[in-house]
Amino acid sequence: MSNLLPKSKIKIAIVGDVHHLWQSQEDYLALQALEVDLVLFVGDLGNESVETVQAIANLPLPKAIILGNHDAHYSSTDLLSKHKSQRQCPYDRTKEDRVQQQLDILGDLHVGYGCLDFPQFQISVIGSRPFSWGSSQWKKEYFYKSRFGVHNLMESAQRITESVAKARYNTVIFLGHNGPSGLGAEPHSICGKDWKPVGGDYGDPDFAMAIEQSYQLSKHIPLVTFGHMHHQLRHTPHQTREVVATNSQGTIFYNAACCPRIINTDQGTYRNFSLATLESGQIKQIALVWLDAKQQITNTSVLYHTNLEKCGNTFLN
């Protein structure tokens, strides 16, 4: 048993869909400037980008990672598939397995279908189904059968729940690529389908089932965070996605996929992180912050505060 006294207040950085936009030195300096305790990556680090995964694995901060659908962009179909992703694959899949390379690099840092305990915080991070493409349907049957021995949504939910049962701590944070179902079916909902035909709940049912089973295991779940469904809606430029939801158990659901996460303007380069403050086992605030090249915060959007619940897009200089 560790003799460390757990911190009562933890600052968690949540990194939205990276899509190759990770700069090791600059992002590390920014996280240092933000004085974060824990970093969570929601996946889509790149299109099977082993280099990006290695750079993130080298980040010298406590962290947990789940891989997304783009992290298996070329390998999600069998070798005989005529899907365009297979035709466009830039390497020989009969000689390389870049999905496995990514998993090997990450090791225990990858929490998909797994659990990572953090004694210094007395919390456990549980991963949902890795490489999720979203929707209520069971997709990529061959991929999940061959990689994980999972055949359907029920088996997937069971795999997640088994990880919850192994968690050392009662307080657990769920980390997914796509979010759970049951959080709304509008195109602008936190996991809503925003491409034609628009509308529909695109969350993962197995994730939702595992969360419900975790409550039955008497786990305390202050935060469920994920990405995949980008904040900017595809069908309209006049509205952005809802990114925070809550339930009757007091769990906060947060979609961190603010993309692109690094932008270049005439004024310079800016990068974003989501910051969640966990205090005495409860999420007190979630904010989206942008930093400039000097690691100075230039924009803060408070999205949730315990006293105000959803705050919307309130920008503070």
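Please read all numbers here as calculations on a predicted model, not as lab measurements.
The shortest distance between side-chain heavy atoms of D104 and Q101 does not fall below 4.5 Å. Taking the side chain as every heavy atom from C-beta outward, D97 and V99 approach each other to under 4.5 Å. Residues N178 and F207 are not in side-chain contact: their nearest non-hydrogen atoms beyond the backbone lie 4.5 Å or more apart. The shortest side-chain heavy-atom distance between S76 and Y142 does not fall under the 4.5 Å cut-off. Looking at Q23 and R271, their side chains come closer than 4.5 Å, going by heavy atoms from C-beta outward. The shortest distance between side-chain heavy atoms of S128 and F226 does not fall below 4.5 Å. Residues N170 and K219 meet the side-chain proximity criterion, which asks for heavy atoms closer than 4.5 Å.
Placement of V150 and L103 within a single hydrophobic cluster is found when ILVMFWY residues are connected by side-chain heavy-atom separations under 4.5 Å, directly or transitively. The same ILVMFWY cluster, assembled from side-chain heavy atoms under 4.5 Å apart, contains both V244 and I12. Put simply, V243 and L40 are part of the same group of oily side chains (I, L, V, M, F, W, Y) that touch within less than 4.5 Å, one to the next. V198 and Y202 fall into different hydrophobic clusters, defined by Ile, Leu, Val, Met, Phe, Trp and Tyr side-chain heavy atoms under 4.5 Å apart, directly or through other members. Linking Ile, Leu, Val, Met, Phe, Trp and Tyr whenever their side-chain heavy atoms come within less than 4.5 Å leaves I262 and V18 in two separate clusters.
For the residue pair L31 and A13, the shortest heavy atom distance occurs at CD2-CB, 3.7 Å. The minimum heavy-atom distance linking A64 with L175 is given by the pair O-CD2, 3.7 Å. Residues S214 and V164 come closest through the heavy atom pair OG-CG2, 3.4 Å. Scanning all heavy atoms of the two residues, the minimum distance from P130 to Y144 falls at O-OH, 2.7 Å. Here the shortest heavy-atom pairing between D201 and G182 reads OD2-N, 2.7 Å. The nearest pair of heavy atoms linking C89 to R93 is SG-CG, 3.8 Å.
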When the side chains of residues 45-63 are checked against the rest of the protein, which donor-acceptor pairs come out under 3.5 Å, sequence neighbours left out?
{"from": "N47", "atom 1": "OD1", "to": "H70", "atom 2": "ND1", "distance (Å)": "2.6"}
{"from": "E48", "atom 1": "OE1", "to": "S75", "atom 2": "OG", "distance (Å)": "3.2"}
{"from": "E48", "atom 1": "OE1", "to": "Y91", "atom 2": "OH", "distance (Å)": "2.4"}
{"from": "E48", "atom 1": "OE2", "to": "H73", "atom 2": "N", "distance (Å)": "3.3"}
{"from": "E48", "atom 1": "OE2", "to": "Y74", "atom 2": "N", "distance (Å)": "2.7"}
{"from": "E48", "atom 1": "OE2", "to": "S75", "atom 2": "N", "distance (Å)": "2.7"}
{"from": "E48", "atom 1": "OE2", "to": "S75", "atom 2": "OG", "distance (Å)": "3.0"}
{"from": "S49", "atom 1": "OG", "to": "T52", "atom 2": "N", "distance (Å)": "3.2"}
{"from": "S49", "atom 1": "OG", "to": "T52", "atom 2": "OG1", "distance (Å)": "2.7"}
{"from": "Q54", "atom 1": "NE2", "to": "N58", "atom 2": "OD1", "distance (Å)": "3.1"}
{"from": "N58", "atom 1": "ND2", "to": "Q54", "atom 2": "O", "distance (Å)": "3.2"}
{"from": "K63", "atom 1": "NZ", "to": "A57", "atom 2": "O", "distance (Å)": "3.4"}
{"from": "K63", "atom 1": "NZ", "to": "L59", "atom 2": "O", "distance (Å)": "2.5"}
{"from": "K63", "atom 1": "NZ", "to": "L61", "atom 2": "O", "distance (Å)": "3.3"}

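Judged purely by atom type and a 3.5 angstrom limit, H235 has no side-chain atom pairing as donor or acceptor with the backbone of P187. With hydrogens and angles disregarded, no donor-acceptor distance shorter than 3.5 Å links the side chain of H228 to the backbone of G68. Without hydrogens or angle criteria, T171 side chain to I123 main chain gives no donor-acceptor distance under 3.5 Å. Using a distance-only test at 3.5 Å, with no hydrogens or angles considered, a donor-acceptor pair links the side chain of R261 to the main chain of L21. Put simply, the side chain of D17 never gets that close to the backbone of H19: no donor and acceptor are under 3.5 Å apart. Proximity of a side-chain donor or acceptor of T269 to a complementary backbone N or O of A293 within less than 3.5 Å is not detected. Put simply, the side chain of D44 gets close to the backbone of N69: a donor and an acceptor are under 3.5 Å apart. With hydrogens and angles ignored, the 3.5 Å screen pairs no side-chain donor or acceptor of D292 with any backbone N or O of G268. Side chain of Q102 to backbone of R98: a donor-acceptor contact under 3.5 angstrom is found. Judged purely by atom type and a 3.5 angstrom limit, D37 uses its side chain to pair as donor or acceptor with the backbone of K11.
In this structure, CD1 in I65 is found 4.5 Å from CG in L106, a value given to the nearest 0.5 Å. Going from atom NE2 of H177 over to atom CZ of F41 covers 14.5 Å, rounded to the nearest 0.5 Å. Going from atom CZ of R129 over to atom NZ of K140 covers 12.0 Å, rounded to the nearest 0.5 Å. Rounding to the nearest 0.5 angstrom, the gap separating the CG atom in L291 from the OG1 atom in T298 is 7.0 Å. Here Q285 contributes atom CD and N307 contributes atom CG; the two are 10.0 Å apart, rounded to the nearest 0.5 Å. The OG atom of S163 sits 10.0 Å away from the CD atom of Q158 when rounded to the nearest 0.5 Å.
Summarising the local packing, NZ of K139 is surrounded by more than 12 heavy atoms from other residues, nucleotides or ligands at distances under 6.0 Å. A 6.0 Å sphere centred on CG of D92 holds more than 12 heavy atoms belonging to other residues, nucleotides or ligands.
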Inset, instruction - Let me see the working for H220 and V172 under side chain to side chain contact (heavy atoms under 4.5 Å, CB included), right down to the final yes or no. - result: CA-CA 6 Å; H220 171 57; V172 301; over 6 Å; no
Inset, instruction - Determine, stepwise, if the pair F273 / D27 fulfils side chain to side chain contact (heavy atoms under 4.5 Å, CB included). - result: CA-CA 10 Å; F273 296 93; D27 278 307; 3.4 Å; yes
Inset, instruction - Any chance you could lay out the side chain to side chain contact (heavy atoms under 4.5 Å, CB included) test for I10 and F118, step after step, and finish with the verdict? - result: CA-CA 12 Å; I10 307 166; F118 290 91; over 6 Å; no
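Between the side chains of Y254 and S274, at least one donor-acceptor pair of N or O atoms lies under 3.5 Å. A side-chain donor-acceptor contact under 3.5 Å links Y215 and T251.
Checking each of V302, N299, L34 against V289 for a side-chain contact (heavy atoms from CB on, under 4.5 Å) leaves exactly one that passes, namely L34. Here the options are S136, S156, S181, S132, the test is side-chain hydrogen bond (donor to acceptor under 3.5 Å, both in side chains), and the partner is D204; only S132 passes. I14 pairs in a side-chain contact (heavy atoms from CB on, under 4.5 Å) with only one of the listed residues (N255, L288, I286, L223), which is L223. Screening I211, T225, T246 for a side-chain contact (heavy atoms from CB on, under 4.5 Å) with F253, the sole residue that qualifies is I211.
Annotation: side chain to side chain donor-acceptor pair (under 3.5 Å) contacts involving residues 188-197, sequence neighbours excluded, comprise D194-R241.
Taking the six-membered ring where the residue is Trp, F131 and F148 present tilted rings, their angle falling between 30° and 60°.
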